[in-house]
Structure formats: C-alpha cells, structure tokens
A.B. asks: 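Sharing a structure here in structure tokens format.
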Amino acid sequence: MTFLSSLPLPPENEQQLFERAQALAGFNLGELASRAQIAIPHDLKRDKGWVGMLLELYLGAMAGSKPEQDFPALGIELKTIPIDAAGKPLETTFVCVAPLTGNSGVTWANSHVRHKLARVLWIPVEGERQIPLAQRRIGSPLLWQPNQQEEDMLRRDWEELMDLIVLGHVERITARHGEVLQLRPKAANSKALTEAIGEQGQPILTLPRGFYLKKSFTGALLARHFSI
DNA sequence: ACGTGATCATAT
DNA sequence: ATATGATCACGT
C-alpha cells in the first residue's frame, strides 16, 4: 500500500473510506505510528483513546472533532474494537453520553444512540495486553448497519433505560439492565456530577452515564461478518 | 475469568 | 462540566 505521505482529506464517499480501512488491515500499530510520526505509548493505561485517534488520522476523520458522526457527510461513525485471538471483543463499546434531563420529546427514532449506530465502520484491532502495543495488528474492517432484529433489541433496551431515567430512577440502574445496550458511568472519576431527575421528580446531581454496547452484541455482529 | 463500576487524556 | 477517544482493574 501507499502509506501516508500526508494527512488524508476526509473521504469523498463510502467506498473510498472503506478502501482506506481495508488498506490498513494486516499492519501493526508500530508501523502506522512510525509512518505517521506519532509517538507510541508503552501501553494504553494513560492513553485509552490512542488507537482510535491514530486510525482517525489515517482515515481522514477530522481530528478531535465535534459531536455526532466521524464522517458526517457520509453518515458514518468510526469505532475501533479490541479483539482477542478468536476475534471476540475484549471490551464493551461506548456509544454516547446518556441525556439525564431534557428528554421530553426524545424518542428512539430521534435518539443519539440510533443516530450514532445508524452506520458504523468497525475496525478490529488486536487488544490482548500480552501483545506489545506496537505489535498489535489491524484487522479487516466491517461497514455495518443494524438489521431489523438488532435495531429492535437496541430500541427495547434504550426505551427501558430511558423510561427509568425519565421516571427518576437513574440511580437504580446498573449495568445489568438491558440485553445488548447498557448504562454505565462515563466520567473522569466517581466524584464527577451532572444533573438528573430524582425519585420525587426533583433535580439531583449524579454520576454522568453513557450507553455502551455489550460484548455479546458486538461479538455477534463481528462473527456474522467473518462467517460470510 | 469476567463484568461492572471506575478511570485516563485532551479540547472546548 | 461536556464532548471526543476508550480501557482499566477490582470484586465476585
């Protein structure tokens, strides 16, 4: 392949984006970092978003970009996903922050979750901690959109979780709610606070939460890809 | 071994 | 504090 000679512009279409992603498959993170003249950390403990940012660079996503999709002109969101030797996800996938107030009029159809997941370019990356970061390889990309069954599962979980949030039960929600979509903390630490609705309908301060896809869900979608 | 709750860096 | 990018690490 022709490696980065300069920062790529945003891809003009879906095919161009996908070809760029395919061209990265098989290379390891050390090769990509070196070619992009990016320093590679020893591990991800203090650089949790490093892999995602590196691939954004190679694919022409606007660095440190704004809310919503990574490729707004294409309606596509980019997600790197760490996998083990069997191709199974090692981590859940963050989708977006959960809105804890101001939810009147919000429905599944106009939700951030549905918008973010409408079309996703998944890029698997070897993620086992025993593999030195520089040696971890990029896998084959998958351009995905939820099928009817997947969308139904997502909608049911989203509606259950949002009902609890709107009814003032956010602090009763644990990661065990939801079959494929779960609500978990998304914060700098356990002392971070944001406004939410309390049990009596009053304003409260609580830990910011995010929606995450469970590993069983992303694992199934990757498996479907590799079995086709 | 694994999932849940906690956490890290950076930009605005 | 909120948004982006996620993974860490303790308890079971």
Side-chain angles (χ1 to χ4, degrees), chain A residues 10 21 29 32-33 36 38-72 76-86 88-103 111-113 115-117 120-133 136 138-139 157 161 164-165 170-196 203-220:
Chain A
L29 297 176
L32 297 189
I38 301 291
I40 188 163
H42 176 68
D43 58 40
L44 297 179
K45 288 181 186 176
R46 296 187 176 266
D47 295 271
K48 297 181 179 181
W50 186 83
V51 176
M53 311 263 294
L54 179 66
L55 291 181
E56 282 187 353
L57 189 65
Y58 270 89
L59 296 176
M62 291 315 203
S65 67
K66 303 130 187 150
E68 299 315 305
Q69 290 149 330
D70 296 289
F71 302 97
I76 295 174
E77 171 74 9
L78 172 66
K79 288 290 180 192
T80 59
I81 183 164
I83 56 167
D84 66 15
K88 293 169 53 177
L90 288 164
E91 297 289 347
T92 58
T93 300
F94 173 69
V95 179
C96 59
V97 170
L100 303 183
T101 60
N103 282 310
S111 68
H112 289 293
V113 172
H115 188 238
K116 281 267 186 180
L117 298 180
V120 179
L121 179 63
W122 296 97
I123 304 193
V125 180
E126 289 182 324
E128 287 170 316
R129 296 183 207 179
Q130 63 186 29
I131 308 175
L133 189 56
R136 298 182 193 175
I138 311 296
D157 285 348
L161 293 166
L164 291 168
I165 288 169
V170 63
E171 295 190 323
R172 311 208 308 222
I173 300 174
T174 76
R176 281 153 284 243
H177 288 81
E179 307 235 353
V180 299
L181 189 72
Q182 61 184 178
L183 196 77
R184 305 216 310 278
K186 168 63 173 173
N189 55 56
S190 62
K191 288 133 197 154
L193 294 172
T194 193
E195 187 176 318
I204 62 168
L205 290 176
T206 193
L207 194 54
R209 318 297 166 96
F211 288 109
Y212 295 80
L213 297 175
K214 298 182 71 170
K215 289 194 283 183
S216 53
F217 183 81
T218 53

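All values below were derived from every heavy atom in this structure, side-chain atoms included, with hydrogens, water molecules and symmetry-related copies excluded.
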A.B. asks: Where the side chain of A:Q182 meets the backbone of A:D157, is there a donor-acceptor pair that is under 3.5 Å apart?
C.D. replies: no
A.B. asks: How is A:L90 classified with respect to the nucleic acid when contacts are heavy atoms under 4.0 Å: base, sugar-phosphate, or nothing?
C.D. replies: nothing
A.B. asks: Would you mind telling me which of C:dC8, C:dT2, C:dT4 lies closest to the side-chain atoms of A:R129?
C.D. replies: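 Minimum distance to the A:R129 side chain belongs to C:dC8.
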A.B. asks: Which salt bridge (Lys or Arg N to Asp or Glu O under 4.0 Å) pairs, counting each pair once, include a residue from residues 173-185 of chain A, with sequence neighbours left out?
C.D. replies: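 As it turns out, there is no salt bridge (Lys or Arg N to Asp or Glu O under 4.0 Å) pair with a partner in residues 173-185 of chain A once direct neighbours are skipped.
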A.B. asks: Tell me, which pairs form a side-chain hydrogen bond (donor to acceptor under 3.5 Å, both in side chains) where one or both residues lie in residues 207-218 of chain A, sequence neighbours left out?
C.D. replies: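 Listed once each, the pairs are A:T206-A:R209.
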A.B. asks: Return the 5'-most residue of the pair A:G52, A:A192 with respect to DNA chain C, ranking by each residue's nearest nucleotide.
C.D. replies: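 Its nucleotide being nearer the 5' end, the pick is A:A192.
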A.B. asks: State the CD1-CD1 distance between A:I123 and A:I138, to the nearest 0.5 angstrom.
C.D. replies: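 It comes to 7.0 Å.
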A.B. asks: Mind calculating the distance between CH2 (A:W50) and P (B:dA9) to the nearest angstrom?
C.D. replies: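 Nearest whole value for this atom pair: 16 Å.
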A.B. asks: Please state whether the phosphate of C:dT2, meaning OP1 or OP2, lies under 4.0 angstrom from any side-chain nitrogen or oxygen of A:T194.
C.D. replies: yes
A.B. asks: With a 4.5 Å heavy-atom cut-off, do A:L133 and A:D47 have their side chains touching?
C.D. replies: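 A:L133 vs A:D47: side chains apart.
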A.B. asks: Could you state the atom-to-atom distance from CD1 of A:I38 to C1' of B:dA9 in whole Å?
C.D. replies: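 Taking atom C1' of B:dA9 as the reference, CD1 of A:I38 is at 15 Å.
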A.B. asks: Scan A:E77 against the nucleic acid and name what it touches under 4.0 Å (heavy atoms): base, sugar-phosphate only, or nothing.
C.D. replies: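 The answer is sugar-phosphate, as A:E77 gets under 4.0 Å only of primed atoms, P, OP1 or OP2.
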A.B. asks: In the structure I gave you, are the side-chain heavy atoms of A:L181 and A:L213 within less than 4.5 Å of one another anywhere?
C.D. replies: yes
A.B. asks: Using five base pairs at each end, measure the axis-to-axis angle across the helix from B:dA1-C:dT12 to B:dT12-C:dA1 and round it to 10 degrees.
C.D. replies: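 One end's axis against the other's: 40°.
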A.B. asks: Between C:dA9, C:dT2, C:dG5, which one does the side chain of A:K116 approach most closely?
C.D. replies: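 The answer is C:dG5.
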A.B. asks: Mind calculating the distance between CD (A:E56) and P (B:dT10) to the nearest angstrom?
C.D. replies: 15 Å
A.B. asks: Using whole Å, what does the distance between atom C1' of nucleotide B:dC8 and atom CG of A:D47 come to?
C.D. replies: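 Checked: the CG to C1' distance equals 8 Å.
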A.B. asks: Can you measure A:I83 atom CD1 to C:dT7 atom P for me and round it to whole angstrom units?
C.D. replies: 12 Å
A.B. asks: Just to verify, what does A:E126 make a salt bridge (Lys or Arg N to Asp or Glu O under 4.0 Å) with, not counting sequence neighbours?
C.D. replies: A:R137
A.B. asks: With sequence neighbours excluded, what pairs up with A:H177 under the side-chain hydrogen bond (donor to acceptor under 3.5 Å, both in side chains) test?
C.D. replies: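 Listed in chain order: nothing, the list is empty.
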A.B. asks: Taking all heavy atoms of A:P10 and all of A:M62, pick out the closest pair and write down the distance.
C.D. replies: CG-CE, 3.7 Å
A.B. asks: Output the rounded distance in Å from CG (A:D43) to P (B:dA9).
C.D. replies: 11 Å
A.B. asks: To the nearest angstrom, how far is A:E128 atom CD from C:dC8 atom C1'?
C.D. replies: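 Answer to the nearest Å: 16 Å.
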A.B. asks: Output the rounded distance in Å from CG (A:L44) to P (C:dA6).
C.D. replies: 11 Å
A.B. asks: Can you give one letter per nucleotide of nucleotides 1-7 of chain B, going 5' to 3': B for a protein heavy atom under 4.0 Å from the base, S for sugar-phosphate only, - for none?
C.D. replies: --SBBBB
